[in-house]
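Order of the sequence lines fixes the chain letters, A, B, ..., with proteins taken first and strands second; residue numbering starts at 1 for each chain. Note that the structure is a prediction, hence the values are computed from the model and not measured.
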Amino acid sequence: MIDLFDKPTTEVAKALLGSYLIHESCEGTTIGKIVETEAYLADDPASHSFVGKTPRNAMMFGSAGKAYIYLNYGMHNCFNVVTAKEGIGEAVLIRALEPIKGIKLMQKRRKTEKVTDLCSGPGKLSKAMGITLKNNGADLINSNLRIILSDNSNHKIVKTTRVGITKGSKRLLRFYIKDNSFISKK
DNA sequence: GGAACGATTGAT
DNA sequence: TCAATCGTTCCT
């Protein structure tokens with residue numbers, strides 16, 4: 001469980017599929033099953049960490065098992081799991097969740113009823129889960145924002161190219177659960 | 001101090 | 001297809 005994050009980043013990205021993301025906020029508790037991830041590596045031009053350590057990406061260079069959250073396109077928070085040893089800037093972007101608990105709260109936050117649309121993208125799931133920049137650096141093992149590893153790995157993993165990037169777009173670093181209807185794109 | 005850009009989303 | 005929207009980064 002604890003050593004979930006003590007593996008190569010691409011392995012963590014796959015291992016996170018099927019695990020649960022839990023956020024206990026003052027509004028209530030929301031839980032989602034992770035169904036889609038992307039790996040961002042140290043030698044990867046698409047990664048924020050590629051240019052070296054800056055104030056924004058500093059968390060990526062911290063110890064594994066923490067949250068790295070950033071504001072994207074001026075309006076969307078994106079949630080990442082920090083991986084690799086301290087000093088190495090790598091992380092796994094969580095791209096989609098299957099809503100499990102607190103669906104009413106998610107619908108309120110997202111202003112939509114459709115359950116398949118609540119968490120089907122990095123910006124959407126952060127909104128639905130109530131994740132903001134305030135959660136940056138949260139300890140994902142033991143805090144109000146945490147991940148519970150699931151033993152259930154009865155799923156096939158699809159490996160493909162990442163979404164929305166211009167550099168490093170040929171690498172196969174996106175992973176999702178085959179035939180799951182909650183992923184960000186079909 | 002200024003400007004271009006981006007790991008997206010939702011409306012047109 | 002395209003506008004919304006703003007912090008980060010890089011240039012002057």
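- Aromatic ring centroids of A:His48 and A:Tyr70 lie under 6.0 Å apart.
- In this entry the distance linking NZ of A:Lys114 with C1' of B:dG10 reads 13 Å, nearest Å.
- Looking at the side chain of A:Met75, the nearest of the listed nucleotides C:dT5, C:dT9, B:dT8 is C:dT5.
- Side-chain to base pairing of A:Tyr73 with B:dA7: no donor and acceptor N or O lie closer than 3.5 Å to each other.
- You'll find that the side chain of A:His76 is closest to B:dT9, out of B:dA7, B:dT9, B:dG10.
- Judged by the 6.0 Å and 45° rule, A:Arg162 forms no cation-pi pair with A:Phe175.
- Across the protein-nucleic acid pair, A:Lys124 atom NZ and B:dA7 atom P stand 18 Å apart, rounded to whole Å.
- Of the possible polar contacts, none joining the A:Asn80 side chain to the A:Val82 backbone as a donor-acceptor pair under 3.5 Å is found.
- In this structure a side-chain-to-backbone donor-acceptor pair under 3.5 Å is missing from A:Ser169 to A:Ile165.
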Base-pair map of DNA chain B as dot-bracket, where | denotes pairing with a different strand and pairs are Watson-Crick or G-U under 3.5 Å:
||||||.||||.
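- Under 4.0 angstrom from either OP1 or OP2 of B:dT9 there lies no side-chain N or O belonging to A:Arg110.
- Atom CG of A:Asn80 and atom P of B:dG6 are 17 Å apart (whole Å).
- For the residue pair A:Arg109/A:Ser25, the side-chain donor-acceptor check at 3.5 Å is satisfied.
- Without hydrogens or angle criteria, A:Asn57 side chain to A:Thr54 main chain gives a donor-acceptor distance under 3.5 Å.
- The interatomic distance linking A:Asn57 (CG) with B:dC5 (P) rounds to 20 Å, in whole Å.
- Listed nucleotides C:dC6, B:dT8, C:dC10 differ in distance to A:Val51; the shortest reach to its side chain belongs to C:dC10.
- Between B:dA7, C:dC10, B:dT9, one nucleotide has an atom nearer to the side chain of A:Asn72 than all others, and that is B:dA7.
- When the C1' atom of B:dT8 is taken as reference, atom CZ of A:Arg174 falls 14 Å away, rounded to whole Å.
- Looking at A:Ser184, its side chain never comes within 3.5 Å of a backbone N or O of A:Gly121 through a donor-acceptor pair.
- For A:His48, a side-chain nitrogen or oxygen approaches OP1 or OP2 of B:dA7 to under 4.0 Å.
- A:Arg56 comes within 4.0 angstrom of the backbone, heavy atoms only, and of no base.
- A:Leu93 comes within 4.0 angstrom of a base, heavy atoms only.
- B:dA7 has no base stacking with the ring of A:Tyr70 when judged by centroids under 5.5 angstrom apart and an interplanar angle below 30°.
- If you take CG of A:Leu125 and P of B:dG10, they are 12 Å apart, rounded to a whole angstrom.
- Between A:Lys111 and B:dG10 there is no side-chain N or O to OP1 or OP2 distance below 4.0 Å.
- Atom CG of A:Leu133 and atom P of C:dG7 are 9 Å apart (whole Å).
- One interatomic measurement links the two molecules: CZ of A:Arg162 to P of B:dT8, which rounds to 11 Å at whole-angstrom precision.
- Without hydrogens or angle criteria, A:Arg110 side chain to A:Leu118 main chain gives a donor-acceptor distance under 3.5 Å.
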